[in-house]
Each structure stands twice: as C-alpha cells, then as structure tokens.
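Please read the structure below before turning to the comments.
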Amino acid sequence: MTERVAVAPGSFDPVTLGHLDVIIRAAQLFDRVVVAVGVNAGKQALLPLETRIALIEDGVKLLPAVEVASVPGLLADFCREIGASVIVKGLRGGHDLGQEEPMALVNKRLTGIETVFLSAAPAWGHVSSSLVKDVARHGGDVGAYVTPAVADALAAAFGRRPGVQ
Ligand code: PNS
C-alpha cells in the first residue's frame with residue numbers, strides 16, 4: 001500500500017504545545033509526518049531557522065514517524081517533491097480559518113495538494129507563538145505553553161538566564 005505522507009507546515013517561531021498536539025494527532029492519522037518550517041513573508045522571525053528546527057526535533061524526538069525539514073520556497077512544491085498527499089494545519093477558530101483558507105486554496109491550485117484542518121484542542125485554543133513570545137519578552141513564565149527547551153531558547157533570545165524569569 002502507498003505510504004500516506006502528511007506535511008505539517010508553519011513558521012514555528014517557536015513551536016508551542018499546541019503545535020505539538022496537532023503534529024501528534026497528524027502522526028496518528030498518516031504513515032509519516034514531515035514538519036515543514038517555512039518562511040511566512042508577513043512575519044519577521046525571532047529565532048533563527050536552525051534553532052526553530054532543533055526545537056521541533058526536540059519536541060518530536062519520541063515520535064519515529066515524524067521528521068522536520070525546512071522549506072525555502074513554495075510549500076506546494078515541497079509537498080510534491082517529497083510525495084506528500086496532504087497538508088495538515090491546526091485551527092483555533094474563525095480567525096485562523098480566515099487566514100488558512102486562502103492558503104489552502106492557493107496550494108490546491110498550485111499542485112492539487114489538499115489541506116485538512118484539525119481543530120485545536122480546547123487546552124491550546126488560546127495559545128500562539130506570538131503570545132508566548134510576548135510573555136517571555138517581559139519575563140513571564142511560558143512553561144505551560146512550550147517545552148523546557150523552547151522556554152530556555154526564548155529566555156536566551158531575550159537576554160535572560162534559562163529557568164530564571
Ligand atoms: O505558522 P504560519 O506562519 O501560519 O505558517 C505559514 C507558512 C510558513 C506555512 C506559509 O507562509 C508558507 O507556506 N510559506 C511558504 C511559502 C509559500 O508556499 N507561500 C504560499 C502559501 S499559499
């Protein structure tokens with residue numbers, strides 16, 4: 001039987017527990033999940049690409065069917081190159097849908113790839129990378145929303161010692 005490969009794209013600046021929940025759920029639905037770290041032209045990243053990738057790799061290290069890659073160009077091209085049949089994205093409600101639906105339609109038009117949306121678990125519906133960065137920027141505790149490695153990376157990015165708020 002043909003392997004079903006899903007791509008879970010995002011800018012992951014940084015990866016949150018909400019992202020990881022969607023990735024874990026995607027891994028239960030597909031044979032292989034490739035987490036694709038792409039460039040969002042509308043966002044200036046805080047963390048370097050290599051750091052964002054390393055933090056996702058740390059978060060998925062217990063999931064053998066999940067790998068992480070960077071996408072320097074078009075996501076739809078990347079999906080075709082690796083033989084992915086579907087893009088998986090989490091949705092935290094109507095605001096996300098408004099942003100995601102046009103991208104899903106463009107990706108479908110470009111290469112025919114379908115996007116499926118997984119509703120964010122209620123526990124993570126309010127969590128975003130932007131919110132987490134804002135809390136960390138001001139020295140707040142982000143331990144409820146990200147892995148310890150991400151919390152340390154944010155502390156370092158904002159010039160604080162890891163584990164110290
Ligand atoms: O986490 P984000 O910021 O919502 O992720 C957006 C991302 C990176 C998935 C999107 O900007 C993307 O796919 N970028 C790669 C370039 C591309 O394909 N652009 C056209 C998207 S329709």
Side-chain angles (χ1 to χ4, degrees), residues 4-27 29-30 32-60 63 66-137 142 144-147 149-151 153-154 157-158:
R4 299 277 291 170
V5 181
V7 165
S11 37
F12 302 108
D13 184 44
V15 66
T16 67
L17 297 184
H19 289 131
L20 291 174
D21 181 60
V22 169
I23 293 164
I24 289 166
R25 289 160 61 199
L29 295 171
F30 300 95
R32 195 155 67 89
V33 175
V34 180
V35 182
V37 186
V39 177
N40 183 332
K43 295 181 184 170
Q44 172 71 45
L46 169 72
L47 301 172
L49 177 67
E50 301 72 32
T51 304
R52 286 181 276 147
I53 289 176
L55 292 171
I56 302 167
E57 284 174 340
D58 175 71
V60 302
L63 301 171
V66 179
E67 60 204 82
V68 188
S70 71
V71 179
L74 276 179
L75 179 65
D77 288 343
F78 175 81
C79 292
R80 185 171 48 194
E81 281 159 22
I82 69 165
S85 53
V86 67
I87 292 169
V88 177
K89 268 249 168 175
L91 275 191
R92 290 163 301 187
H95 178 73
D96 275 356
L97 183 61
Q99 298 199 326
E100 296 296 338
E101 198 176 28
M103 289 198 270
L105 293 171
V106 168
N107 287 325
K108 169 83 172 155
R109 172 63 64 92
L110 284 170
T111 62
I113 186 123
E114 295 283 6
T115 298
V116 301
F117 295 112
L118 299 183
S119 292
W124 308 123
H126 64 296
V127 179
S128 69
S129 300
S130 305
L131 203 56
V132 164
K133 279 183 285 194
D134 201 36
V135 173
R137 178 178 288 111
V142 293
Y145 306 122
V146 297
T147 62
V150 170
L154 288 174
F158 291 120

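Indexing begins at 1, ligand by ligand and atom by atom, following the structure's order.
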Practice task
Verify, without hydrogens or angle tests, whether Arg25 (side chain) and Ser119 (backbone) share a donor-acceptor contact under 3.5 angstrom.
Solution key: yes
Practice task
Grab the two heavy atoms, one from Ala8 and one from Ile23, that are nearest each other, plus how far apart they are.
Solution key: CB-CG1, 4.4 Å
Completion exercise
For atom 2 (P) of ligand 1, the closest protein heavy atom turns out to be Ser11 OG, 3.4 Å
Problem - Approximate separation, where rounding is to 0.5 Å, of Leu17 CG and Tyr145 OH - result: 10.0 Å
Handout entry: Donor-acceptor pair, side chain of Asp134 and main chain of Ser130, under 3.5 angstrom
Key = no
Problem - For Lys43, the ligand 1 atoms whose distance to one of its heavy atoms is below 4.0 Å - result: 1 (O), 2 (P), 3 (O), 4 (O)
Problem - Atoms in ligand 1 with a heavy atom of Gly38 nearer than 4.0 Å - result: 8 (C)
Exercise for the section: Tell me, please: is Gln99 in heavy-atom contact with ligand 1, that is, under 4.0 Å? Expected result: no
Handout entry: Test item: Lys133 side-chain N/O and Asp13 main-chain N/O as donor-acceptor pair under 3.5 Å
Key = yes
Completion exercise
Of all protein heavy atoms, the one nearest atom 10 (C) of ligand 1 is Met103 SD, 4.0 Å
Practice task
Quick one: look at Lys89 and ligand 1, take heavy-atom pairs under 4.0 Å, and tell me if it's side chain, backbone, both or neither.
Solution key: side chain
Completion exercise
The atoms of ligand 1 lying under 4.0 Å from a heavy atom of Asn40, numbered in the order shown, are 2 (P), 3 (O), 6 (C), 11 (O)
Practice task
Report, in ascending order of atom number, the atoms of ligand 1 lying under 4.0 Å from any heavy atom of Pro9.
Solution key: 9 (C)
Completion exercise
The protein heavy atom nearest to atom 19 (N) of ligand 1 is Leu74 CD2, 4.0 Å
Exercise for the section: Please write down residue, atom name and distance for the protein heavy atom closest to atom 12 (C) of ligand 1. Expected result: Val39 O, 4.1 Å
Handout entry: Side chain Thr16, main chain Val146, donor-acceptor under 3.5 Å
Key = no
Fill in the blank from the handout: Rounding to 0.5 Å, atoms CG (Asn40) and CD (Gln99) come to a distance of 8.5 Å
Practice task
Carefully, step by step, assess Asp96 and Lys89 under the rule salt bridge (Lys or Arg N to Asp or Glu O under 4.0 Å).
Solution key: CA-CA 10 Å; Asp96 275 356; Lys89 268 249 168 175; over 6 Å; no
Handout entry: N or O pair under 3.5 Å between Leu75 and ligand 1
Key = yes
Handout entry: Nearest-neighbour protein heavy atom for atom 16 (C) of ligand 1, which is reported as residue plus atom name and distance
Key = Gly73 O, 3.4 Å
